[in-house]
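For reference, the structure is listed below as C-alpha cells.
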Amino acid sequence: MTNIEQNIFNIINERHSIREFDGNYKIHKDEIEEMIQIAATAPSSSNLQPWRFLIIQDENVKKELQGIAYNQAPIGSCSAVISVIGDTKMYKNVEKIYHSNFEAGHIDEVNTQRLIDSVMHSYPSFASEARANIASFDAGLISMQFMLIAKAKGYDTVTIGGFNKQEFAERFELEDRYMPIVLIALGKAAAPAFKTTRLPVEEIVDFI
C-alpha cells in the first residue's frame with residue numbers, strides 16, 4: 001500500500017459523525033471556501049454541477065436554523081453549517097460551463113457546441129422530479145467529498161437531513177429552481193463520535 005493510499009484510507013476510516021462541537025472554535029470563511037473549491041472537483045451529470053452552498057456562521061441565524069432542524073444540537077455548537085442546495089434547472093449554466101472548458105483547452109469548439117445542444121435538447125424536457133433526483137445525487141457526491149476534505153484538514157462533520165425543507169427555503173428566500181438537500185455541521189469535535197458497525201461485505205455484495 002502506498003503512502004497516498006494509506007492516507008486516504010485513514011481519512012475515510014477516521015471520519016465519523018460528530019454530535020458535539022467546540023462552540024468556541026471558529027473556522028475562517030477563506031478556509032471553508034478552499035474546502036468547497038476542492039470538493040467541487042466531484043463528478044456531476046453532464047458536468048452541470050447542480051450544487052450551491054449557503055454557509056451559515058452567524059450565531060443568531062444558526063439559532064433560527066436550529067429551530068428549522070428540530071433543535072438538533074450540532075447546529076448550535078458547530079463553527080459553520082454548510083447548507084447544500086440543489087439546482088433543478090442546472091441546464092441553464094451549460095453554456096458558461098462548456099465555454100469555460102473550451103477556453104481551458106479541455107475540449108474543441110465542435111464538441112463544445114455539440115454537448116451544449118445535447119444538454120439543451122434533453123434536460124429541459126425531463127420531468128421536474130427527474131431533475132431533482134439528478135441534483136440530489138450529485139449533491140451527495142460533493143457533500144461526501146467535502147466531509148473527507150474537512151477530515152483531512154483536521155475538522156469534523158455530521159450530515160443533517162432532518163429539517164423542514166420548505167421552511168428553510170422560505171426563510172432563506174430560495175428561488176423555485178433551488179432545493180435544500182442536506183445540512184453539514186462543520187467544526188472541531190468536543191466529544192468522540194459514537195462508534196458504529198457496518199454490514200459484512202458478503203451481505204451487500206454479489207459478483208456475477
Side-chain angles (χ1 to χ4, degrees), residues 12 15 17 32-33 35-58 61-62 64-72 74-75 78 80-101 106-107 111-151 157-186 199 204:
I12 292 171
R15 190 217 63 80
S17 295
I32 296 174
E33 287 180 344
M35 288 189 282
I36 290 178
Q37 184 177 28
I38 299 169
T41 61
S44 62
S45 178
S46 301
N47 191 33
L48 293 179
Q49 306 163 50
W51 43 60
R52 299 293 180 272
F53 301 90
L54 179 62
I55 315 300
I56 300 171
Q57 293 182 289
D58 182 273
V61 181
K62 279 169 56 184
E64 284 187 71
L65 180 58
Q66 193 168 7
I68 294 171
Y70 312 118
N71 295 315
Q72 294 188 64
I75 290 177
C78 68
V81 178
I82 315 300
S83 310
V84 186
I85 296 165
D87 183 359
T88 63
K89 294 185 178 179
M90 65 289 278
Y91 59 86
K92 292 195 171 185
N93 295 312
V94 65
E95 293 197 12
K96 179 191 297 184
I97 290 169
Y98 278 105
H99 283 308
S100 175
N101 287 340
H106 300 320
I107 191 172
N111 280 306
T112 296
Q113 193 58 50
R114 178 182 63 81
L115 290 168
I116 290 172
D117 291 344
S118 176
V119 165
M120 292 307 296
H121 176 73
S122 56
Y123 278 76
S125 64
F126 290 164
S128 58
E129 183 180 0
R131 291 200 306 271
N133 287 338
I134 292 170
S136 295
F137 182 86
D138 290 348
L141 294 175
I142 194 171
S143 295
M144 189 70 248
Q145 192 143 298
F146 176 86
M147 288 188 288
L148 292 176
I149 291 164
K151 189 61 185 176
T157 55
V158 62
T159 52
I160 298 171
F163 64 102
N164 188 318
K165 294 179 172 59
Q166 181 176 347
E167 192 174 345
F168 180 98
E170 291 171 356
R171 166 60 182 84
F172 297 106
E173 300 179 343
L174 299 187
E175 296 178 36
D176 288 344
R177 66 187 280 183
Y178 298 118
M179 53 181 285
I181 294 175
V182 73
L183 308 175
I184 303 174
L186 170 70
L199 293 169
I204 61 172

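- Looking at every heavy atom in both residues, P124 comes nearest to R131 through O-NH1, 3.6 Å.
- Note that CD of E95 and OG of S100 are 13.0 Å apart. Values are rounded to the nearest 0.5 Å.
- One distance of note links CG of L148 with CD1 of I38; it measures 12.0 Å at 0.5 Å rounding.
- Looking at H99 and I116, their side chains come closer than 4.5 Å, going by heavy atoms from C-beta outward.
- No more than 12 heavy atoms of other residues, nucleotides or ligands sit less than 6.0 Å from atom CZ of F137.
- Side-chain contact between F168 and N164 is absent, with no heavy-atom pair separated by less than 4.5 Å.
- A heavy-atom distance below 4.5 Å is found between the side chains of M90 and I134.
- Closest approach of I32 and A80 over heavy atoms only: CD1-CB, 3.8 Å.
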Pair D87, N93 - check side-chain contact (heavy atoms from CB on, under 4.5 Å), show working. CA-CA 10 Å; D87 183 359; N93 295 312; 3.5 Å; yes
Going through the checks in order, is the side-chain contact (heavy atoms from CB on, under 4.5 Å) test met by S128 and T88? CA-CA 7 Å; S128 58; T88 63; over 6 Å; no
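- For the residue pair Q113/N111, the side-chain donor-acceptor check at 3.5 Å is not satisfied.
- Looking at I56 and F172, their side chains come closer than 4.5 Å, going by heavy atoms from C-beta outward.
- For D138 (side chain) and S45 (main-chain N/O), a donor-acceptor pair under 3.5 Å exists by modelled atom type.
- Formation of a donor-acceptor pair under 3.5 Å by the S17 side chain with backbone atoms of V158 is not found in this model.
- A distance of 4.0 Å separates CD in E64 from CZ in R171, rounded to the nearest 0.5 Å.
- Of all non-hydrogen atoms in V182 and F163, the two that sit nearest each other are CA-CE2, 3.9 Å.
- Closest heavy-atom contact between A135 and G86: CB-CA, 4.1 Å.
- Within the model, atoms CG of L65 and CD1 of I160 stand 8.0 Å from one another, a figure rounded to the nearest 0.5 Å.
- By the 4.5 Å heavy-atom criterion applied to side chains, V94 and Y123 are not counted as neighbours.
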Test side-chain contact (heavy atoms from CB on, under 4.5 Å) applied to I82 and M35, step by step: CA-CA 11 Å; I82 315 300; M35 288 189 282; over 6 Å; no
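- When all heavy atoms of K62 and I75 are compared, the closest pair comes out as CE-O, 3.0 Å.
- Residues E175 and K89 are not in side-chain contact: their nearest non-hydrogen atoms beyond the backbone lie 4.5 Å or more apart.
- The shortest distance between side-chain heavy atoms of N101 and L115 does not fall below 4.5 Å.
- Between the CD1 atom in I97 and the OG1 atom in T112 there is a gap of 12.5 Å [rounded to 0.5 Å].
- Shown here for W51 and A40, the closest heavy-atom pair between the two residues is CZ2-O, 3.8 Å.
- At least one donor-acceptor pair closer than 3.5 Å links the side chain of Q66 to the backbone N or O of Q72.
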Could you go through the side-chain contact (heavy atoms from CB on, under 4.5 Å) check for F146 and V84 one step at a time? CA-CA 11 Å; F146 176 86; V84 186; over 6 Å; no
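- Between the side chain of S118 and the backbone N or O of R114 there is no donor-acceptor pair closer than 3.5 Å.
- Inspection of the E170 and Q166 side chains reveals an N or O donor paired with an N or O acceptor under 3.5 Å.
- For the pair K96 and Y98, the cation does not sit on the ring face, since its NZ or CZ is not both under 6.0 Å from the ring centre and inside 45° of the axis.
- Note that CD1 of I142 is 8.0 Å distant from CD1 of I149, once rounded to the nearest 0.5 Å.
- Between L174 and P180, the closest side-chain pair of non-hydrogen atoms falls below 4.5 Å.
- The environment of CG in N71 is crowded: more than 12 heavy-atom neighbours from other residues, nucleotides or ligands sit within 6.0 Å.
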